[in-house]
Engineer: 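The structure's right below; bear with me while I get my questions together.
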Amino acid sequence: MSKAVSRAAWVMIGLALVATGLHMFEVSSVSNDLIYLVATMQVFVAVIFGVVVNKPDRRVWPALLLLIAVLITAQIFDNRDSTTGATQAISEALFLIVQLVLVVGLFVTVQRRFGRDPINVVFDSLIIGLGSWFLIWVVFLNPAREISQDIFSVTAIRGATLASSAIVIFLLATLLFGDTERTPAVWLASSAIVCSLIGDLLYATNQSGRFDISTQIANAPYITSLFLVSATVLHPSVSTLASHSARRIKQPLLSRLVLTTTSLVVPVVVLAVTNPTNDTDRAVRTVSIFILAAAVTARVIFAVQANASLQARLIDSAQTDALTGLPNRGLMIEYVAASIENARFDGCSPTVLFVDVDRFKNINDSLGHSAGDDVLVSVAQRLRVALPERCIVGRISGDEFVVLDAKSKNQSDAVLLADMVLESFHEPLALRQGDVFVSASIGAAVLDREITSTADDLLRHADTAMYRAKDAGRNCVAIFDKSMLERVNQRLAVETALYRALERRELRLVHQPIIDVDLGDVIGFEALMRWDMEDGTNVSPAEFIPIAEETGIIVPIGAWALLEALTHLRGWINQGICRRDATMSVNVSPRQLHDPNFVAVVNEALMRSRMPAEQLWLEVTEGVMITQPEQALDTLRRLSEIGVRVAIDDFGTGYSSLSFLQRFPIHRLKIDRTFINELASDANARSLVKTIIAMANSLGLDVVAEGVETVEQLHALGDLHCSKAQGYLISHPVTPETMASTVAGLDKIGKWPRLRPLK
Ligand code: C2E
Ligand code: MG
Ligand code: MG
């Protein structure tokens, strides 16, 4: 139904052309009066249909109905050319009412459709409205007044109708100049109004007696207008004609400029080439031009103001952080550079503090990003309140803030300042979500011309010191000194060397046997990576694995380790060194699990080593379940579907929640060696291990104790029914070449708990 009605809208445009043509060329078989009557009646029917089907805004349709009612009455009383004054006056009054209803309707529509920048749109439209008014006055109203012989009221009403055309033009311009979407209904309604204005002008021209335009031509625009009104109400977009639209489109700037300039230039030209004919004319011209000039002046002032404020906003947004309103990185660098420059003269040593909110990622992950934003805003506020006024606080990225004290003298001033920052975090931050405690790691760098020459240097040094504070356990201050630079350089060297380690064959694997104490058998091995650098230094995995993770090198290195470890196991099985069902445990870092190729890498390693998936254990830490758990979960699920098993390494040291343990496809817990260490001596550690074992049993998980160093620990584990263990007591990690003798030695021992400690 609504589709048919919307099609009818377009049919109406065709009918408009046909009817207008018939009217203009006065085809003898059709009387013009009949065309006029049909045009008026069809509007009535179209409005009823349009209101029922398209349901336009409730404010629009009463205006529409009123418009139609008046149009019909005007049609019935169409006696504009009558000679009797009274009927003529009624007829003219009805036309004036049509115009006024139009003004009201347009006003309602326009004020609801205001978009951005309404002031400039209104002033541009005002200039066009005033320009039109000026022309209407000079061309029609003033001459009509002079030659008028008929009853004053008729001329006055006619004048008022014409004068109100200027208001209609003003409102129409406002409707079309804004940036609110111009729907088909807007265009159709505007065209209808323009046609009716043309009709008014033709009529007025006729009345002026200067030209004689036949009624069939003069009335034709009204016919077009009536059919366009129907098209408007039938088009579905009429339902949003008077509603706010969130969609913004480009403003028609060029046509706006052309129309506004024309409306300004034409009256000025008319003023220059014609003379006022009487005093009233002079007064009206003067006042009109004065208002026009005032409107143009106001328009220019507003434009300049808007431009200036836009520029100010642009500069502001380029230099400040939108969330906290603090200076951003660029501006902070400028401040620091200026303070270094000034320090040459005032003898100060500017201090830069690098403040990093501890564990901000956890806050974001657990409380959500809007809470994270609130934390940053509160931290910004805290810093501003806690620090002396001379300090400048900026936010340079994520959770990193920078404080500049351009007037500090030495390191002790820097320490004092950093302490103020630390102290400011003693009180919790009051967020919408409740109170939250945060701490910060602070790096401080004081200008030292020997090692600092630019603002970048000073910021980088503070950043380096901040990382030292993080390493030292967070929530503390570290002051930059030269030795830190050496450390950074050293780390950089390790990083570069690590890139080449794989191709230079500097990496190798050692393996630590895992035994079943009850059976007295080696049931598997854990592969551990070793790096012998070119110059002979051995870098511990605790040092290079984190770097490899940060830089992403862990992905190729980890893939190599997988294949290498499985190949070793395949060799030992083939040589009869270990049981056929012995397993290989390979450590896997979170970064590897987030690599989309990881499952394929594992598959390939299994295939190339011809090892069944069931004999591969992947060891992941609890952290995997906390950062980006969804992706890791997906990878682990796919792996466990093919038979690979997953162990949680260093269990008890992370933050894994029980729900995570249930959601993840986990098959083994490896109890961290810190608990095993104290097992024999500390009752608390003992009950903790007991709980972990009970939990693992109830979840159907396998348990391995890591880092078993003494027989007492092994006995204690036996008491707790944990039979799988690895540790220095059993064997240190050994090279693949010595594995045969290591396993043989272990096999000779047999069942463990009955034996004495190994030497
Ligand atoms: P992890 O996976 O928990 O490995 C056990 C670590 O404890 C190994 O240190 C091992 O040598 C050591 N260990 C074994 N038994 C004992 C004991 O009885 N007492 C003591 N004090 N230590 C024992 P390692 O080889 O230095 O490895 C450290 C960590 O580096 C590993 O901890 C693992 O997280 C990581 N890692 C090692 N190799 C790889 C690898 O190929 N890939 C990845 N992603 N991480 C690896
Ligand atoms: Mg491990
Ligand atoms: Mg471990």
Side-chain angles (χ1 to χ4, degrees), residues 498 501-502 506-515 524-532 538-569 583-595 598 601-602 605 616-624 632 635 645-654 666-680 702-714 716-717 724-736 742 746 752 757-758:
L498 194 54
L502 194 57
E506 291 172 4
L507 297 174
R508 62 190 170 89
L509 292 183
V510 291
H511 300 271
Q512 188 174 39
I514 301 171
I515 59 157
F525 309 88
E526 176 173 3
L528 296 159
M529 212 182 283
R530 296 291 175 263
W531 180 18
D532 311 316
N538 278 308
V539 192
S540 125
E543 192 175 334
F544 76 82
I545 294 288
I547 298 179
E549 279 190 32
E550 252 174 60
T551 52
I553 314 173
I554 194 71
V555 174
I557 290 179
W560 165 83
L562 256 166
L563 177 61
E564 184 83 351
L566 287 171
T567 311
H568 287 160
L569 180 63
T583 60
M584 179 56 75
S585 301
V586 181
N587 293 287
V588 169
S589 82
R591 184 76 176 244
Q592 287 171 274
L593 292 182
H594 295 151
D595 173 33
F598 187 64
V601 165
V602 174
L616 172 64
W617 282 95
L618 295 182
E619 295 194 2
V620 298
T621 49
E622 289 163 274
V624 160
T635 309
R645 286 173 295 172
V646 179
I648 297 287
D649 205 352
D650 307 340
F651 186 77
T653 54
I666 291 160
H667 310 90
R668 171 183 279 178
L669 298 183
K670 293 188 76 173
I671 307 174
D672 191 65
R673 71 161 179 269
T674 46
F675 303 110
I676 307 298
N677 251 338
E678 291 157 8
L679 197 58
D702 187 43
V703 186
V704 172
E706 284 190 290
V708 181
E709 291 180 351
T710 65
V711 172
E712 288 74 23
Q713 290 166 0
L714 201 61
L717 283 167
K724 289 173 189 143
Q726 69 182 99
Y728 292 167
L729 171 69
I730 299 147
S731 163
H732 278 260
V734 298
T735 58
T742 308
L746 288 170
W752 274 84
L758 278 184

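As a basis for the values below, the full set of heavy atoms in this structure was taken, side chains included, without hydrogen atoms, waters or symmetry mates. We count ligands from 1, going down the list as the structure has it; atoms in each ligand are counted the same way.
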Engineer: Could you pull out, from E706, R591, R530, the option with a heavy atom nearest to atom 5 (C) of ligand 1?
Structural biologist: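 Closest candidate by heavy-atom distance is E706.
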Engineer: For E549 and ligand 1, does the shortest N/O to N/O distance drop below 3.5 Å?
Structural biologist: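 Such a contact does not occur with ligand 1.
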Engineer: So which N/O/S atom does E619 have closest to the Mg ion (ligand 2)?
Structural biologist: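 That would be atom OE1.
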Engineer: Measure from the Mg ion (ligand 2) to every N/O/S atom of D649 and report the name of the nearest one.
Structural biologist: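 Going through the N, O and S atoms of D649 one by one, OD2 ends up nearest to the Mg ion (ligand 2).
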Engineer: Taking the Mg ion (ligand 2) as the reference point, name the nearest N/O/S atom of E526.
Structural biologist: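 The Mg ion (ligand 2) is closest to the E526 atom OE2, counting only N, O or S.
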Engineer: Considering both backbone and side-chain atoms of G727, is one of its nitrogen or oxygen atoms within less than 3.5 Å of a nitrogen or oxygen in ligand 1?
Structural biologist: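 So ligand 1 has no N or O lying under 3.5 Å from an N or O of G727.
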Engineer: Quick one: CG on L509 to CE on M529, what's the gap to the nearest 0.5 Å?
Structural biologist: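 It is 6.0 Å, given to the nearest 0.5 Å.
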Engineer: Between ligand 1 and K670, can you find any atom pair, the residue atom being a heavy atom, that is separated by under 4.0 Å?
Structural biologist: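 In this structure, K670 fails to qualify as a contact of ligand 1 - no heavy atom is under 4.0 Å.
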Engineer: Do F525 and I514 have side-chain heavy atoms sitting under 4.5 Å apart?
Structural biologist: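 With C-beta onward as the side chain, the pair stays apart.
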Engineer: In plain terms, say whether E564 and R508 are close enough for a salt bridge, that is, a side-chain N and a carboxylate O under 4.0 Å apart.
Structural biologist: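 Salt bridge flag = no for R508 with E564.
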Engineer: Can you confirm whether the side chains of Q512 and Q726 place a donor and an acceptor under 3.5 Å from each other?
Structural biologist: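 Q726 and Q512 do have a side-chain donor-acceptor pair below 3.5 Å.
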Engineer: So, 2.8 Å as the limit: is an N/O/S atom of S585 located closer than that to the Mg ion (ligand 2)?
Structural biologist: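 No.
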Engineer: Between the side chain of T635 and the main-chain N/O of L593, is any donor-acceptor distance below 3.5 Å?
Structural biologist: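 Looks like yes, one N/O pair under 3.5 Å.
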Engineer: Considering the heavy atoms of L528, write down every atom of ligand 1 situated less than 4.0 Å from one of them.
Structural biologist: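 Counting from 1, the qualifying ligand atoms are 4 (O), 8 (C), 10 (C), 11 (O), 25 (O), 37 (C), 38 (N).
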Engineer: In ligand 1, which numbered atoms sit nearer than 4.0 Å to a non-hydrogen atom of V708?
Structural biologist: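 Per the distance check, 18 (O).
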Engineer: Counting each atom of ligand 1 from 1 as listed, which ones have a heavy atom of Q512 under 4.0 Å away?
Structural biologist: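 Near Q512, meaning under 4.0 Å from one of its heavy atoms, ligand 1 has 14 (C), 15 (N).
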Engineer: Rounded to the nearest 0.5 Å, what separation is found between the CZ atom of R673 and the OH atom of Y728?
Structural biologist: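 Separation between the atoms: 6.5 Å.
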Engineer: Check contact between S540 and ligand 1, using heavy atoms of the residue and a distance below 4.0 angstrom.
Structural biologist: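 So S540 does not count as touching ligand 1.
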Engineer: Which value, rounded to the nearest 0.5 Å, describes the distance between Q713 atom CD and E678 atom CD?
Structural biologist: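 Answer rounded to 0.5 Å: 9.5 Å.
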Engineer: Any idea which atoms of ligand 1 are less than 4.0 Å away from a heavy-atom of S589?
Structural biologist: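 Selected atoms, number and element: 44 (N).
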Engineer: Could you measure the distance from the CZ atom of R591 to the CD1 atom of I545? Nearest 0.5 Å is fine.
Structural biologist: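 Reported to 0.5 Å precision, the distance equals 13.5 Å.
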Engineer: Keeping the roles fixed (side chain from E543, backbone from S540), state whether a donor-acceptor pair exists under 3.5 Å.
Structural biologist: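 No; zero donor-acceptor contacts below 3.5 Å.
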Engineer: Below 4.0 Å from ligand 1: does a non-hydrogen atom of H732 turn up there or not?
Structural biologist: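 H732: no contact with ligand 1 (<4.0 Å).
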Engineer: Could you list which atoms of ligand 1 come closer than 4.0 Å to a heavy atom of E709?
Structural biologist: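 Those of ligand 1 that fall under 4.0 Å from E709 are 17 (C), 18 (O), 19 (N), 20 (C), 21 (N).
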Engineer: Any chance you could measure W617, atom CH2, to N587, atom CG, to the nearest 0.5 Å?
Structural biologist: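 Atom-to-atom, W617:CH2 and N587:CG are 13.5 Å apart.
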Engineer: Quick check on contacts: which atoms of ligand 1 are under 4.0 angstrom from a heavy atom of P733?
Structural biologist: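 Those atoms are 11 (O).
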Engineer: To check you understand the geometry: which heavy-atom pair defines the closest contact between P546 and P541, and what is its length?
Structural biologist: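 Closest heavy-atom pair between P546 and P541: CD-O, 3.5 Å.
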Engineer: Just jot down the ligand 1 atoms closer than 4.0 angstrom to any heavy atom of P541, in number order.
Structural biologist: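 Close to P541: 24 (P), 25 (O), 26 (O), 27 (O), 30 (O), 37 (C).
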Engineer: Of the side chain and backbone of N587, name the one, both, or neither that has a heavy atom under 4.0 Å from an atom of ligand 1.
Structural biologist: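 Answer for N587: both.
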